[in-house]
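Being a predicted model, the structure only gives us computed values, none of them experimental. The figures here come from the full heavy-atom set of this structure, side chains too, leaving out hydrogens, waters and symmetry mates.
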Amino acid sequence: MSGAHSRRRDDAKTAKALGWVVAALAVASVIGLFLVGADGPSDPELAGLSGFGEVGFAVTPAGPGAATARQFCALLAETAEQRARGLMGRRDLAGDDAMVFRFDADTNDVFYMRNVPVPLGIAWFGADGRFVSSTEMAPCPDREGCPTYAASGPYRVAVEVPKGGLDRLGIGEGSTLTVGGPCPS
């Protein structure tokens, strides 16, 4: 009987010690969350895509019944730094319909997908808002030598969306784009 009583006492001591260890780990975890952050991105600048403006844009699709422009909201990349960063490291548009790259003058700059983990569609528009061309772009890891993508002619604005999203916005041959103003509510 004394052996069974001693074993129960040892089991109780072990359970109590284990409880203290679990409690200490829980406290350390909570302190770690406050000090380091809960699953925060390695580059907090990208959280919510800070560093980009937002702009409303309208697409008038080509074809029958295309007289009505459809209104959307986009992240706006209009500085050289914003255009170079684009959607690097992002898997989504943080709730916006697209990312619009706006240039001050006609350009033939090429786009690349370095460090962009998801496939994208891109369309280019001239200064008059007319569709120039479009293509689909494949993801490329963070390395040298990623392919580049060029418009078929000079453009003033480029619109990037997740792959397949150009059709949803009504963007294609014969469509026109107007950029400016607030996002639709």
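Sparse packing is recorded around CZ of R91, with 12 or fewer heavy atoms of other residues, nucleotides or ligands lying under 6.0 Å away. Within a 6.0 Å sphere centred on CG of D104, other residues, nucleotides and ligands contribute 12 heavy atoms or fewer.
Taking 4.5 Å as the limit, some side-chain heavy atom of D142 sits within range of a side-chain heavy atom of R114. Residues P139 and P117 have side chains not in contact (no heavy-atom distance under 4.5 Å, counting atoms from C-beta outward). In this structure the side chain of M137 reaches within 4.5 angstrom of the side chain of E160, judged on heavy atoms. Two residues are said to be in side-chain contact when any heavy atoms from C-beta on lie closer than 4.5 Å; T176 and F125 fail this criterion. In this structure, the side chains of F111 and R83 stay at 4.5 Å or more apart for every pair of heavy atoms. For the pair L87/M99, a side-chain contact is recorded, criterion being any heavy-atom separation below 4.5 Å from C-beta on.
Rounded to the nearest 0.5 angstrom, M113 CE and M88 CE are separated by 10.0 Å. Put simply, CZ on F131 and OG1 on T60 are 14.0 Å apart, with the number rounded to the nearest 0.5 Å. Rounding to the nearest 0.5 angstrom, the gap separating the CG atom in L120 from the OG1 atom in T135 is 11.0 Å.
Using a 4.5 Å cut-off between side-chain heavy atoms of Ile, Leu, Val, Met, Phe, Trp and Tyr, with links allowed through other members, L177 and L76 fall into the same hydrophobic cluster. In this structure, L75 is not a member of the same hydrophobic cluster as V161, with clusters built from ILVMFWY side-chain heavy atoms closer than 4.5 Å. Under the 4.5 Å side-chain heavy-atom criterion for grouping Ile, Leu, Val, Met, Phe, Trp and Tyr, V118 is not connected to L169 through any hydrophobic cluster. Linking Ile, Leu, Val, Met, Phe, Trp and Tyr whenever their side-chain heavy atoms come within less than 4.5 Å leaves V179 and W124 in two separate clusters. Under a hydrophobic clustering in which Ile, Leu, Val, Met, Phe, Trp and Tyr are joined whenever their side-chain heavy atoms come within less than 4.5 Å, directly or via other members, V55 and V157 fall into the same cluster.
Closest non-hydrogen pair, I171 versus A123, comes out as CG2-CB, 3.5 Å. Listed here is the closest heavy atom pair of G170 and V59: O-CG1, 3.5 Å. Minimum heavy-atom separation, R156 to G126: CB-C, 3.9 Å. Between I122 and A158, the shortest heavy-atom contact is CD1-CB, 4.1 Å. Closest of all the heavy-atom pairs between S152 and V132 is OG-O, 3.3 Å. Here the closest non-hydrogen pair linking F52 and G86 is CZ-O, 3.5 Å.
Considering only residues two or more places apart in sequence or on other chains, D167 meets the salt bridge (charged side-chain N to carboxylate O under 4.0 Å, His left out) condition with none of them. For F103, the ring pair (Phe, Tyr, Trp, His ring centres under 6.0 Å) partners two or more places apart in sequence, or in a different chain, are Y155.
Of the possible polar contacts, one joining the D128 side chain to the R130 backbone as a donor-acceptor pair under 3.5 Å is found. Checked by atom type and distance alone, the side chain of T148 never pairs as donor or acceptor with a backbone atom of Y112 at under 3.5 Å.
A salt bridge links E78 with R102: the distance from a Lys NZ or Arg NE/NH1/NH2 to an Asp or Glu carboxylate oxygen falls below 4.0 Å.
Within the structure, every pair that satisfies the disulfide bond (SG atoms under 2.5 Å apart) test and touches residues 68-135, not counting sequence neighbours, is listed here: C73-C183.
A side chain to side chain contact (heavy atoms under 4.5 Å, CB included) with D97 holds for exactly one of R168, R70, Q71; it is R168.
Checked against the 6.0 Å centroid criterion, the rings of F72 and F57 qualify as a close aromatic pair.
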